[in-house]
Amino acid sequence: MERRGEFRVSVSKDYLVFASAHFITFAGHRCEGLHGHNYRARVTIDGRLNEESWFVFDFVELKRIMRGLCDEIDHLVLLPTQSDRVQVREDGDNVHVAVDNRPRYLFPRRDCALLPIPNTTVEMLAEMLIDRLRVALEKAGASGLTAIEMEVEESFGQSATCRVTI
Ligand SMILES: [Zn+2]
């Protein structure tokens with residue numbers, strides 16, 4: 001039988017949780033105070049069937065990789081290192097955070113995740129997780145993948161989705 005279908009595999013939210021603190025900046029001078037979310041992620045991978053195993057990618061492996069990516073930022077303060085407005089400076093065991101050049105927070109370095117994004121919105125977190133997942137999938141020998149879609153939810157009914165075609 002010829003296989004003409006397109007295939008996708010998903011791993012979803014209840015399994016992929018990270019509880020983290022953040023604050024985001026808005027256009028103008030507005031900036032949130034520090035607060036936390038129980039973030040949940042859902043990932044979908046599109047691709048061709050691997051014709052030895054007849055799957056797109058191994059669920060067990062995908063869950064393991066995604067769980068690792070969530071653990072990397074779980075229970076940490078998420079800080080953007082590419083923001084024009086938030087200045088994040090490492091100083092020994094500490095991280096100094098200023099907003100619009102005014103000192104605002106001092107955190108222990110071990111409690112922070114310094115992320116290469118311009119703002120810790122769910123959009124940017126989704127894009128970053130896709131980047132990290134792509135690297136991990138390549139290392140795991142994935143082939144034939146055509147797209148990755150990542151949804152990150154910060155509270156019930158409030159999420160952003162990023163889709164990258166490979
Ligand atoms: Zn928030």
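If you read the sequence from its start, that first residue is 1, and numbering goes on from there. Ligands are counted one by one from 1 in listed order, and the atoms in each one are counted from 1 as well.
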Enclosure of His35 NE2 (heavy-atom neighbours >12, cutoff 6.0 Å): yes
Nearest non-hydrogen partners of Arg85 and Thr25, listed with the distance: NH1-CB, 3.5 Å
For Val88, the rest of its hydrophobic cluster, which grows through side-chain links under 4.5 angstrom: Phe23, Leu34, Val77, Leu79, Val86, Val95, Val97, Val99, Tyr105, Phe107, Leu114
Atom CG of Asp93: over 12 foreign heavy atoms under 6.0 Å: no
Partner residues of Phe18 under the ring pair (Phe, Tyr, Trp, His ring centres under 6.0 Å) criterion, sequence neighbours left out: Tyr39
Partner residues of Glu151 under the side-chain contact (heavy atoms from CB on, under 4.5 Å) criterion, sequence neighbours left out: Lys13, Arg42, Ser159, Thr161
Listed protein N/O/S atoms, distance to the Zn ion (ligand 1) under 2.8 Å: His22 NE2, His35 NE2, His37 NE2
